[in-house]
Amino acid sequence: MQVFKFGGASVKDANGVKNLASVLKQVGFKHTLVVVSAMGKTTNALEIVVKNYFEKKSELQSSIQDVKKYHNEILLDLFENTQHSVFKKVSFIFDELDHFLNRNKSPDYNFVYDQIIGYGELTSTTIISEYLNDLGIHNNWIDVRNFIKTDNYYRRANVNWEETQTAIKEHFDKNLLNITQGFLGSDANNFTTTLGREGSDYTAAIFAYCLNAQSVTIWKDVPGVLNADPRYFKNPQLLQSISYREAIELAFYGASVIHPKTLQPLQQKEIPLFVKSFLNPKDKGTKVAKGVGITPHIPCYIVKKNQVLVSLSSLDFSYIVEENISEIFKLLHYYKMKVDVIQNSAISFSVCFENTYNNLEQLLQHLKAKFKVTCHENVSLYTVRHYNEQAIVSVEKGKTLLLKQLTQETIQIVTK
């Protein structure tokens, strides 16, 4: 059993869907599960739908039509016969979306977000499944929400492993080519939940763990795991192999190729992960498995944009000790801030985090009651694994440094 995951970039248009079929033909699809993300920038487009639902009702229908039009154009490119059943199936999915928007009474943004955002994956997999069937690549479309069960921590749900394993064991047919959605699950009340942005990688790992798969392959628009994001760094190099431990470190610091939670279940059962190019599917790409470090052993650069750096100091120049730090972390947890870096001295404490849930103002008001607070928004966090002097110089050049932290293997720099 093998698990393939195709991201949104790989199926952003009709040619992408055709290429997915080509990849399956080239590498084989016997006893395979294919996990697919929403097409192109659909998740971003649906986030606009959510925003308009709460803030700009006058623009809601227009934003929904944008999503429908995008998918309809792909349908028309893939299927010559407009009477094909796929048109009705996709129309029904969007009818479900309209029905939810008309009937919903919940004011909870995160709940509504999860109910709306999943229609991207439901639509993409429906289109791809029908297209593959037309090519003679017979497959079984399955609703991932019937298999991956979670709590109701909307937008970053936690997997209920016992229920998930039971559902997959009882209802998943390993003998078929199965097509399903990434990113999604469902809670005890069968409401849709999501596993966090880029959670489709995690979906693939969950299934691989529960199915004792031979391997997981993530198909990307890059040749494999690179030592730097080509959007921000020049001349990145391909990493041929990485140990689970090293990959988990890179993912923790924000490497965009692999989702942070993807690797733990694979490591537990020593299931190898391959990252390959959907443009050149026969190339070896990168293998993540049990073994030594990283090959070649070179600096790895990671950048996270749009971070927040908050620096705290005591109002009376007293020490920042365990009691204060504990209280600060309770507040960060309460306001759902994902912490990336901390640094403290006798009378100061700095923390860099992601304001995913837009709770920054509430957090700052709470902190100002006990601390002197300095806040820098829209900062960038640079992390370099296996750094050398040249790597440090290249990252710092031309930037205003707000925080710098070195350990034996890693340097982290926050810049404005």
Take Thr123 and Thr126, measure what side-chain hydrogen bond (donor to acceptor under 3.5 Å, both in side chains) needs, and give me the verdict at the end. CA-CA 5 Å; Thr123 306; Thr126 298; over 6 Å; no
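- The side-chain tip of Lys338 does not point at the ring of Phe353 from less than 6.0 angstrom away and within 45° of straight on.
- Looking at Thr374 and Ser311, their side chains never bring a donor and an acceptor atom within 3.5 Å of each other.
- Between Asn190 and Arg145 there is no side-chain heavy-atom pair separated by less than 4.5 Å.
- Under a cutoff of 6.0 Å and an axis angle of 45°, Lys41 and Tyr70 do not form a cation-pi pair.
- Using a cut-off of 4.0 Å between Lys/Arg side-chain N and Asp/Glu carboxylate O, Lys68 and Asp98 are scored as salt-bridged.
- Note that CG of Asn358 and CD of Glu361 are 10.5 Å apart. Values are rounded to the nearest 0.5 Å.
- Annotation for Lys169: atom NZ does not count as buried by contact number, only 12 or fewer foreign heavy atoms lying within 6.0 Å.
- Contact between Leu176 and Asn178 at its shortest, heavy atoms only, is O-ND2, 3.3 Å.
- Ion pairing between Asp283 and Lys276 fails under the 4.0 Å rule for side-chain N and carboxylate O.
- Under the 4.5 Å side-chain criterion, counting only non-hydrogen atoms from C-beta, Val414 is not in contact with Gln307.
- Dense packing is recorded around NZ of Lys336, with more than 12 heavy atoms of other residues, nucleotides or ligands lying under 6.0 Å away.
- Between Tyr131 and Phe79, the two ring planes are perpendicular [angle over 60°; tilted spans 30° to 60°].
- In this structure, Lys287 fails the cation-pi test against Phe274, since its NZ or CZ atom is not both closer than 6.0 Å to the six-membered ring centre and inside 45 degrees of the ring normal.
- In this structure, Tyr153 and Tyr357 have perpendicular ring planes: the angle between them is above 60°, well past the 30° mark.
- How far OG of Ser215 is from CG of Leu273: 9.0 Å, rounded to the nearest 0.5 Å.
- Side-chain contact between Phe87 and Asn72 is present, with at least one heavy-atom pair separated by less than 4.5 Å.
- More than 12 heavy atoms of other residues, nucleotides or ligands sit less than 6.0 Å from atom CD of Gln26.
- Heavy atoms only, all atoms of each residue included: Gln115 and Thr192 are closest at NE2-O, 2.8 Å.
- Using a 3.5 Å distance cut-off with no hydrogens or angles, the side chains of Gln2 and His31 do not pair a donor with an acceptor.
- Looking at every heavy atom in both residues, Val36 comes nearest to Ser124 through CG1-OG, 4.1 Å.
- For the atom pair CD1 (Ile320) and CD1 (Ile328), the distance works out to 5.5 Å, reported to the nearest 0.5 Å.
- Atom OG1 of residue Thr193 and atom CG of residue Asn160 lie 11.0 Å apart, to the nearest 0.5 angstrom.
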Please step through ring pair (Phe, Tyr, Trp, His ring centres under 6.0 Å) for the pair Phe54 and Tyr109, ending with a clear verdict. CA-CA 8 Å; Phe54 282 101; Tyr109 183 95; 5.2 Å; yes
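- The OH atom of Tyr154 lies 4.0 Å from the CG atom of Asp187; values are rounded to the nearest 0.5 Å.
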Just do the side-chain contact (heavy atoms from CB on, under 4.5 Å) check on Val341 and Gln405 with the steps written out, would you? CA-CA 9 Å; Val341 182; Gln405 191 170 92; 3.9 Å; yes
Begin with the C-alpha distance, continue with both residues' side-chain angles, and end with the deciding distance and a verdict on side-chain contact (heavy atoms from CB on, under 4.5 Å) for Val34 and Thr180. CA-CA 6 Å; Val34 177; Thr180 198; over 6 Å; no
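- The one candidate from Thr286, Val288, Ile248, Leu250 that meets the side chain to side chain contact (heavy atoms under 4.5 Å, CB included) condition with Ile258 is Val288.
- Atom NZ of Lys69 has 12 or fewer neighbouring heavy atoms from other residues, nucleotides or ligands inside a 6.0 Å radius.
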Please lay out, stage by stage, how Phe92 and Val90 fare under the test side-chain contact (heavy atoms from CB on, under 4.5 Å). CA-CA 5 Å; Phe92 178 74; Val90 171; over 6 Å; no
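- A salt bridge is defined here as a Lys NZ or Arg NE, NH1 or NH2 lying under 4.0 Å from an Asp or Glu carboxylate O, and Glu130 with Lys89 meets this definition.
- Between Leu239 and Pro296, the closest heavy-atom pair is CD2-O, 4.0 Å.
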After noting the C-alpha distance and the side-chain angles of Thr383 and Gln412, does the key distance pass the side-chain hydrogen bond (donor to acceptor under 3.5 Å, both in side chains) rule? CA-CA 4 Å; Thr383 302; Gln412 293 190 284; 3.0 Å; yes
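- Here the closest non-hydrogen pair linking Ala21 and Leu135 is CB-CD1, 3.6 Å.
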From CA spacing to verdict: salt bridge (charged side-chain N to carboxylate O under 4.0 Å, His left out), Glu162, Lys149: CA-CA 9 Å; Glu162 184 177 349; Lys149 310 304 291 185; over 6 Å; no
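- Within the cation-pi definition used here (under 6.0 Å to the ring centroid, within 45° of the axis), Lys399 qualifies as a partner of Tyr382.
- For the pair Asp151 (side chain) and Asn158 (backbone), a donor-acceptor distance under 3.5 Å is present.
- Judged by distance alone, the side chain of Lys416 and the main-chain N or O of Glu377 form a donor-acceptor pair under 3.5 Å.
- Taking all atoms of both residues into account, the shortest heavy-atom contact from Gly120 to Ala38 is C-CB, 3.6 Å.
- At most 12 heavy atoms of other shown residues, nucleotides or ligands fall within 6.0 angstrom of atom NZ in Lys290.
- For NZ of Lys305, the number of neighbouring non-hydrogen atoms (other residues, nucleotides, ligands) closer than 6.0 Å is greater than 12.
- Judged by a 6.0 Å distance limit and a 45° cone about the ring axis, Lys174 is not positioned over the six-membered ring of Phe172.
- Checked by atom type, the side-chain pair Gln240/Thr295 shows no donor-acceptor distance below 3.5 Å.
- Phe147 is not listed as a side-chain neighbour of Cys210, based on a closest heavy-atom distance of 4.5 Å or more.
- For Arg385 and Tyr253, the positive end is not near the middle of the six-membered ring at less than 6.0 Å and at most 45° from its axis.
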Evaluate His366 against Tyr335 for side-chain hydrogen bond (donor to acceptor under 3.5 Å, both in side chains), listing each step before the verdict. CA-CA 10 Å; His366 213 139; Tyr335 289 110; 3.3 Å; yes
For Ile117 and Thr194: C-alpha separation, side-chain torsions, deciding distance, then whether side-chain contact (heavy atoms from CB on, under 4.5 Å) applies. CA-CA 8 Å; Ile117 217 74; Thr194 61; 3.5 Å; yes
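- Looking at Asp134, Asn140, Asn139, Leu177 one by one, the single match for side chain to side chain contact (heavy atoms under 4.5 Å, CB included) with Ser129 turns out to be Asn139.
- Here OH of Tyr387 is found 13.5 Å from OG of Ser394. Values are rounded to the nearest 0.5 Å.
- At a cut-off of 3.5 Å, with distance as the only test, no side-chain donor of Trp219 or Ser277 sits close to an acceptor on the other residue.
- Here the side chain of Asn19 pairs a donor or acceptor atom with the backbone of Phe278 at under 3.5 angstrom.
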